Number of protein chains: 2
Amino acid sequence: MDGRIANLSMKLDVYRAMSPEQSLADCPIRDVIQTISGRWSSLLMSALAERSYRFGELRRLVPDISQRMLTQTLGELQRDGYVHREVFPTKPPKVEYSLTEFGRSMYGALEHLLHWAEVNHGGVRQARRRFDEAKNAALT
Amino acid sequence: MDGRIANLSMKLDVYRAMSPEQSLADCPIRDVIQTISGRWSSLLMSALAERSYRFGELRRLVPDISQRMLTQTLGELQRDGYVHREVFPTKPPKVEYSLTEFGRSMYGALEHLLHWAEVNHGGVRQARRRFDEAKNAALT
DNA sequence: AGTGTTGGTCTCAATATGAGAGCAACAATC
DNA sequence: GATTGTTGCTCTCATATTGAGACCAACACT
């Protein structure tokens, strides 16, 4: 990976969008990023990018998510327009979740970050080890 | 923006990396993403991508972050190798934070998502409005 | 009748975050 | 020389947010 930033015209301007010289507190990007950066959001987006899933399937696919957070996160992703929820009134009920076109568009951008994480998790682990060792050494 | 996914060979495989057919609970990508997707991480990365900042400068730049979370988030970003922290032993002390090359590399991937958010925050707001209206209508 | 499956919600404990005070060591001001 | 201000933190305590698990209705299967 190279360390260059693709488009230098962005940078912090990205976060300042629409409110030049103003505080970053009410920045619209933060509002959008907040949902995406939820603890389970990228994982569920990643799953749904592969194919549609039922509620219970997602639950089994992500073993350590609580049912409560699965419901809630899917609800947020649906509200922001990334996920489509379709109820089939069978008994027992069947609810299918899938990505919308908008969601696929967003995933196209998120994917870069996930891919970077996949390639570089070794580097992160190494950095953590170094940091923790330096900290312990300082305590001597 | 088009809705296509750039590289179909990834998808969920990204999250399954290193543990095929296994649960997603101990996926290394989740470990890496967790820090990046912290509430303040992308905002601080975005600021530091522009230039180096001192602690107090970041505090003023992001008015609604608590000092506690600023310290903590910068510490996590440093531990994962994205941020360099340099202390100048002046009185009063001066601490400068900057991106490492590794951090710039990560920001190169994160940037796509931030840019998407900038371009599409209108769409998200619209989706939310529609969702909330449909919900209210259902309560009639 | 009993057991299991479905997608939820509700309650309550654990955890994470925010608001604000306190702190040591000086510099500048009055 | 006493006050005031600055720095980058850390500590405490109130408030969100999240997790663990019970409970639910409506059926199918044994």
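Reckoned from all heavy atoms, side chains included, excluding hydrogens, waters and symmetry mates. Please read all numbers here as calculations on a predicted model, not as lab measurements. Note on naming: letters A, B, ... go to the chains in the order of the sequence lines (proteins, then strands), and numbering restarts at 1 for each one.
- For the pair A/L99 and A/V83, the minimum side-chain heavy-atom distance is below 4.5 Å.
- Between B/W40 and B/L77, every side-chain heavy-atom pair lies at or beyond the 4.5 Å cut-off.
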Give the B/S/- string for nucleotides 11-20 of chain D, one per nucleotide from 5' to 3', where a protein heavy atom under 4.0 Å of the base yields B, of only the sugar-phosphate yields S, and otherwise -. -B-----BBB

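- A heavy-atom distance below 4.5 Å is found between the side chains of A/Y82 and A/I36.
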Would you tabulate the nitrogen or oxygen pairs shorter than 3.5 Å linking the protein to nucleotides 21-27 of chain C?
from: C/dC26; atom 1: OP1; to: B/K91; atom 2: NZ; distance (Å): 2.8

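- Between the side chain of A/S41 and the main chain of A/S37, no donor-acceptor pair closer than 3.5 Å is present.
- B/R59 has no side-chain polar atom (N or O) that falls below the 4.0 Å cut-off from OP1 or OP2 of D/dG8.
- Residues A/V62 and A/M69 are not in side-chain contact: their nearest non-hydrogen atoms beyond the backbone lie 4.5 Å or more apart.
- One can place CD of B/Q78 at 15 Å from P of D/dG8, the figure rounded to the nearest angstrom.
- Between the side chain of B/S52 and the backbone N or O of B/E96 there is no donor-acceptor pair closer than 3.5 Å.
- Residues B/L43 and A/I29 form no side-chain contact, since every pair of their non-hydrogen atoms from C-beta on lies 4.5 Å or further apart.
- Nearest heavy atoms, B/L48 versus B/Y97: CD2-O, 3.4 Å.
- Residue contacts for B/F88: at a heavy-atom cut-off of 4.0 Å it reaches no nucleic acid atom on any strand shown.
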